[in-house]
Amino acid sequence: MTTETLPKQDKADSAIGVHVKGYFERVKGGELGALPAVFGLVILCVVFSILRPAFLSAVNFANLFTQGAAVTVIAMGLIFVLLLGEIDLSAGFASGVCAAVLAVLLTLQGWPWYLAVLAAMVTGAVIGFVLGSLVAKLGIPSFVVTLAAFLAFQGVVLLLVKDGTNISIRDETILAIANKNIPPVIGWVGLIVGVVVYAALQLLQARRRTARGLVATPMAVIAARVVTLAVVAGAAVYVLNLERSRNAAIVSLKGVPIVVPLIVILLVVWTFVLRRTAYGRHIYAVGGNAEAARRAGINVDRIRISAFVICSFMASIGGIIAASRANSVDPNTGGSNVLLFAVGAAVIGGTSLFGGKGRALDAVLGGAVVAVIENGMGLMGYSAGVKYVVTGLVLLLAAGVDALSRKRAAATGRR
Amino acid sequence: MSQGPILELRGINKSFGPVQVLHDVAFSAYPGEVTALVGDNGAGKSTLVKCIGGIYPIDSGEYYFEGERVQVNGPRDAAALGVEIVYQDLALCDNLDIVQNMFLGRERRSGLVLDEDTMEEMAAKTLAGLSVRTVKSLRQQVSSLSGGQRQTVAIAKAVLWNSKVVILDEPTAALGVAQTAQVLELVRRLADKGLAVVLISHNMNDVFAVADRIAALYLGRMAAQVKASEVTHSQVVELITAGRSGELGLKNGNGAAS
């Protein structure tokens with residue numbers, strides 16, 4: 001009996017071994033993936049929690065999510081443009097314009113929230129369509145188009161909010177997005193459903209591939225992924241479900257912030273689009289080799305335009321979140337560091353500025369790093385000036401890592 | 001190989017503005033044979049291939065496919081007939097893996113979702129059918145492949161679609177000795193499977209190694225289309241450089257003979 005089971009065990013071990021070895025080979029060859037972001041996140045969290053114990057409190061943990069949400073969502077849209085090797089410098093102020101449209105319709109015109117949100121999203125999509133058309137059809141470099149849009153949108157926001165006044169938002173639904181939490185029970189239910197669905201999908205895929213005689217992901221790797229997801233997400237839900245209110249008798253404050261499931265849904269949707277649909281495949285193809293994509297019969301212009309539409313559309317959602325968090329829209333909504341943080345988040349997460357490489361998850365990982373830096377340095381009492389400098393340096397570092405890993409990949413034949 | 005040509009062009013003329021690049025060119029490719037298309041730089045090889053592939057419209061002339069006269073107005077028409085061209089720059093996406101590249105633009109789907117498993121199976125079958133054993137994993141990114149392996153993937157991509165005519169533009173130009181041999185072997189196998197293969201090459205050794213027929217272009221005219229076994233190395237060189245060689249070649253600077 002032992003003789004029968006042993007070889008099987010061996011086989012399973014070697015399958016895992018191949019998987020792990022393959023991963024390390026890829027890392028060595030310059031495909032760092034999520035590694036720098038996860039690594040940076042851990043280091044930053046450790047450093048900040050030693051220097052400022054308040055960093056680890058449940059209140060602050062919840063703050064991190066609401067703080068980073070807008071930037072993360074904008075970054076997720078930016079990834080589509082970055083995948084093509086283009087850039088959208090106007091994404092920040094595009095979110096500002098959409099937020100301003102929302103505020104004007106909601107507060108000044110008295111529209112119901114759903115129509116105002118729809119209008120903001122349509123505004124975003126139209127902005128993306130115009131930018132994308134200018135880039136794809138006229139062939140103006142995206143850098144220039146979006147730089148022009150960056151300036152123009154800044155003006156549009158000013159015009160919309162009537163020269164510097166701010167428009168407050170009083171609609172309960174909109175305010176809830178970044179300020180309210182979901183009931184703890186629903187948080188747990190959502191977590192369990194999510195983990196179970198993830199595990200089921202992974203197992204089904206492995207079974208289907210084994211049945212067809214194709215190389216499947218080893219069970220141990222699937223188990224490790226599912227356990228990691230369950231532990232990390234479970235810990236987050238647990239902490240977020242702790243009582244955060246200083247005076248729980250008066251007002252209770254616990255549960256997962258509403259932005260978290262919102263981001264999870266967006267992440268799942270865009271990951272599905274990028275990895276499982278022909279459209280997503282074509283985005284990677286255009287980013288990797290536009291000429292090859294064109295010869296393969298892919299409508300490159302349409303892919304380009306659609307990427308800008310998705311980018312600005314996601315910016316509009318980011319703008320809505322920002323407006324909700326600030327309870328108002330002013331001329332600076334989506335301005336100053338928002339764009340830089342969003343690009344930084346995407347690049348820190350592992351999306352290449354050279355196109356062809358990136359995932360929707362990068363935005364979440366990078367967004368977390370950016371939020372932790374901003375939050376932690378705020379707790380340390382540093383001024384805005386220092387924060388800007390540090391964030392700029394981190395962006396530079398991430399872009400440097402990107403460029404170096406690319407060089408390394410070229411040297412090892414993995415360009 | 002007594003079959004008629006699967007692809008036949010007659011009296012093809014093509015000008016770019018005032019410059020006439022192809023003069024009354026005749027060309028045919030036979031199933032199960034490798035037809036080498038040779039000629040000096042600027043002789044019109046690439047233009048002829050692009051006319052066959054539908055990238056350039058022809059000014060005048062007749063295009064026959066499987067004995068029937070057809071109109072090819074674009075790359076899609078050519079692909080629909082079963083004519084695939086593998087260009088010199090291969091047109092592969094480095095950031096995609098082998099399967100993804102082979103199915104690029106023609107992905108298999110089940111509903112909205114890509115049918116990765118079927119694509120992987122078909123790719124594996126195609127590569128096995130070409131006796132390709134050099135690639136480790138089909139899920140390898142193309143960036144990690146060698147030049148010969150890339151060429152193989154590009155050729156396999158062209159064969160995947162039940163194509164009948166495969167045109168290879170200088171497939172060995174950038175390869176080393178061992179890889180050149182590999183690719184030439186693959187070219188031979190394609191023909192043995194019954195495809196009509198057109199091989200553009202500058203390298204006489206490659207041409208004589210695999211070609212059944214040789215078509216020599218000279219200054220936009222078809223100097224001769226002959227069986228490879230009936231000519232010598234130096235005759236072909238003369239056809240390329242002077243347009244004629246003894247009885248072969250252009251007589252009065254017009255019309256092809258063989």
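In what follows, chains carry the letters A, B, and so on, assigned in the order in which the sequence lines appear, proteins first and then strands, with residues in each chain numbered from 1. These numbers were taken from a predicted model, which means no experiment stands behind them.
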Find out whether B:D117 and A:L214 are in side-chain contact, i.e. whether some heavy atom of one side chain is under 4.5 Å from a heavy atom of the other. yes
Closest-packed option against chain A by number of heavy-atom pairs under 4.5 Å, given B:E121, B:R139, B:Q140, B:R109: B:E121
Check this for me: A:R207, atom CZ, are more than 12 non-hydrogen atoms of other residues, nucleotides or ligands nearer than 6.0 Å? no
Could you check which of B:D115, B:V113, B:L104 has the highest count of heavy-atom pairs closer than 4.5 Å to chain A? B:L104
Any idea which heavy atoms bring B:N95 and A:Y284 closest together, and the distance? ND2-O, 3.0 Å
State whether the number of non-hydrogen atoms from other residues, nucleotides or ligands found under 6.0 Å of A:F143 atom CZ is greater than 12. no
May I ask you to decide whether A:R212 forms a salt bridge with B:E120, counting only side-chain N to carboxylate O separations under 4.0 Å? no
Comparing B:K157, B:R108, B:E107 against chain A, the one with the most heavy-atom pairs below 4.5 Å turns out to be B:E107
Which heavy atom of A:A285 sits nearest a heavy atom of B:C93, and at what distance? O-SG, 3.4 Å
Pairwise distance CD1(A:I298) to CZ(B:R106) - rounded to 0.5 angstrom: 10.5 Å
Chain A contact via B:Q100 - side chain, backbone, both or neither, heavy atoms under 4.5 Å: both
B:R76 versus chain A, heavy atoms under 4.5 Å apart: side chain, backbone, both or neither? side chain
Neighbourhood of chain B inside residues 269-280 of chain A, taking heavy atoms under 4.5 Å as contact: A:F272, A:R275, A:R276, A:T277, A:A278
Using a 4.5 angstrom heavy-atom cutoff, name the option from A:E291, A:Q205, A:R208 with the most pairs to chain B. A:R208
Is any NZ, NE, NH1 or NH2 atom of the basic residue among A:R281 and B:E116 found under 4.0 Å from an Asp or Glu carboxylate oxygen of the other? yes
Please identify, among B:L112, B:I85, B:I55, B:N101, the residue contributing the most non-hydrogen atom pairs under 4.5 Å to chain A. B:L112
By a 4.5 Å heavy-atom criterion (distance strictly below it), what part of B:T118 contacts chain A: side chain, backbone, both, or neither? both
